[in-house]
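Notes follow the structure.
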Amino acid sequence: MKKIGFISVSLVLAFVFGLSGCKKDLKTMDNSMVLDSLVLAETYYLNSDSTQPSCNLQVDFVYPKEYSYGKILSKVQILFIDKVLGGDYIAQTPENALQSFKDKYIENFKQFEEKFIKGDPQAEDEMKDETGFSYYMKLENSVPFNKNNIVSLLVKNNAYEGGAHGSSSIFGYVFDLTDGTIVAEKQIFTQNYEKSLSSIIVAKILKMNNLTDPAELVNKGYNSVENMVPNGNFIIDENGITYYFNETEIAAYVAGVTKIFIPYNELTPFLKKDSPIAKLAGL
């Protein structure tokens with residue numbers, strides 16, 4: 001088995017002032033946070049034989065490394081580990097968490113090898129189709145927005161663990177650096193926002209598919225309009241909010257991930273004026 005290798009890349013964010021393209025009077029300021037990146041690439045072959053089925057793990061893990069407020073840094077760093085690698089590793093440093101994540105992934109794969117060696121009928125049956133016995137995972141995250149005490153985290157995962165096809169997912173999270181917590185929909189929108197926001201989401205999907213009648217979306221592989229509701233899976237930037245709907249969430253598997261951007265000016269009527277993103281929205 002190859003030894004894990006880490007590549008560290010520091011991204012230093014300095015204080016920079018700039019005018020937003022959306023709001024004339026809005027000024028955005030970069031957060032004084034240092035980010036770091038750990039890169040991992042590991043392949044494990046059954047019986048240490050490169051001709052045998054294998055599992056391949058690739059991870060590009062970006063996490064906050066330094067920040068002026070230590071307590072906030074610790075809270076956000078734990079949240080990054082939790083949302084990217086999983087809750088089992090939050091008590092560890094980012095480096096150790098990634099190492100443990102890698103070890104667990106390979107250990108899960110090796111369990112199939114052990115079953116096969118012991119003559120487990122199910123394992124032997126799976127081994128008849130070696131392509132269905134080779135696993136891979138590509139996990140990466142990024143920070144597309146890091147200003148005005150707000151951090152947006154985007155987590156992408158592409159994996160295959162047997163079956164007819166692999167899976168892809170995208171999850172977005174927004175952090176408030178004033179207290180180191182995750183920003184939820186209910187903190188951003190006024191009461192009873194769901195219906196209005198759902199209408200905007202449906203309208204965006206219709207436009208993406210060059211349609212005007214919501215009933216026609218079924219022919220494009222989408223579920224009923226009633227299922228197209230806000231799902232809490234979003235990021236924000238100085239221009240607006242971007243929602244993500246993963247495979248089979250609102251449409252057939254072939255539709256993949258649905259990405260919907262909504263500018264602030266379309267959300268103004270039901271945005272809270274005291275929310276963590278109010279200034280970004282020009283309220």
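Worth saying up front: this structure is predicted, and the values here are computed from it rather than measured.
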Please identify each residue that fulfils ring pair (Phe, Tyr, Trp, His ring centres under 6.0 Å) with Tyr69, with sequence neighbours left out. Tyr67

Suppose we call two aromatic rings close when their centres sit under 6.0 Å apart. Are Phe80 and Phe175 close by that rule? yes

Pairing donors with acceptors under 3.5 angstrom, does anything connect the side chains of Glu185 and Tyr193? yes

Mutual orientation of the aromatic rings belonging to Phe189 and Phe270 [parallel < 30°, tilted 30-60°, perpendicular > 60°]: tilted

Let's go through Asn158 and Ser168 carefully: what are the C-alpha distance in whole Å and the side-chain angles of both, what is the deciding distance for side-chain hydrogen bond (donor to acceptor under 3.5 Å, both in side chains) to 0.1 Å, and is it a yes or a no? CA-CA 4 Å; Asn158 189 289; Ser168 297; 2.8 Å; yes

With a 4.5 Å limit on heavy-atom distance, are the side chains of Phe145 and Ile150 in contact? yes

Through direct or indirect side-chain contacts below 4.5 angstrom among Ile, Leu, Val, Met, Phe, Trp and Tyr, which residues connect to Val229? none

For Phe245, give me all partners under ring pair (Phe, Tyr, Trp, His ring centres under 6.0 Å), at least two apart in sequence or on another chain. none

Separation between CG (Leu206) and CD (Glu216), nearest 0.5 Å, reads 8.0 Å

On a heavy-atom basis, the closest approach of Ala97 and Ile81 is CB-CG2, 4.0 Å

With the 4.5 Å side-chain cut-off for hydrophobic clustering, are Met208 and Ile241 part of the same group? yes

Measure the CG-CG distance between Asp60 and Leu38 for me, rounded to the nearest 0.5 Å. 9.0 Å

Taking the side chain as every heavy atom from C-beta outward, state whether Leu40 and Phe61 have any atom pair closer than 4.5 Å. no

With a 4.5 Å heavy-atom cut-off, do Asn246 and Glu249 have their side chains touching? yes

Mind listing the closest non-hydrogen atom pair of Ile72 and Gly180 along with its distance? CD1-N, 3.7 Å

How long is the straight-line distance from CG of Leu267 back to CG of Leu283, given to the nearest 0.5 Å? 10.0 Å

Close side-chain approach of Ile170 and Leu154, heavy atoms under 4.5 Å: yes

Indicate if Val183 and Ile236 have the same hydrophobic cluster label, given that clusters are the connected sets of ILVMFWY residues with side-chain heavy-atom separations under 4.5 angstrom. yes

If you group Ile, Leu, Val, Met, Phe, Trp and Tyr whenever their side-chain heavy atoms sit less than 4.5 Å apart, what else falls in with Tyr45? none

Is any side-chain heavy atom of Tyr63 closer than 4.5 Å to one of Asn141? no

So if you build clusters from Ile, Leu, Val, Met, Phe, Trp, Tyr with side-chain heavy-atom gaps below 4.5 Å, do Val84 and Met33 land together? yes

Is there a path of hydrophobic side-chain contacts, each under 4.5 Å between heavy atoms of I/L/V/M/F/W/Y residues, joining Val155 to Val257? no

Less than 3.5 Å apart, any donor N or O on the side chain of Asn56 or Gln58 sitting next to an acceptor on the other? yes

Quick one: are Met137 and Asn157 in side-chain contact, heavy atoms under 4.5 Å? yes

Less than 4.5 Å apart, side chain to side chain, heavy atoms only: is that true for Asn223 and Val218? no

May I ask you to test the Val151-Val174 pair for a side-chain heavy-atom distance under 4.5 Å? no

Any side-chain donor near an acceptor of the partner, Asn231 and Tyr243, under 3.5 Å: no

Check: Asn233/Tyr173 side-chain N/O donor and acceptor closer than 3.5 Å: no

If you count every heavy atom of other residues, nucleotides or ligands that lies below 6.0 Å from Glu107 atom CD, does the total exceed 12? yes

Salt bridge (charged side-chain N to carboxylate O under 4.0 Å, His left out) against Glu266, all qualifying residues, sequence neighbours excluded: Lys204

Salt bridge (charged side-chain N to carboxylate O under 4.0 Å, His left out) partners for Lys156, two or more places apart: none

If you round to the nearest 0.5 Å, how far is NZ of Lys147 from CG of Asn31? 10.0 Å

Interatomic distance, Ile188 atom CD1 to Ser275 atom OG [nearest 0.5 angstrom]: 6.0 Å

List the atom of Ser152, the atom of Pro144, and the distance in Å for their closest heavy-atom pair. O-CD, 3.1 Å

Is it true that the side chains of Glu247 and Ser169 contain a donor and an acceptor less than 3.5 Å apart? no

When rounded to the nearest 0.5 angstrom, what distance separates CZ in Phe109 from OG in Ser54? 6.0 Å

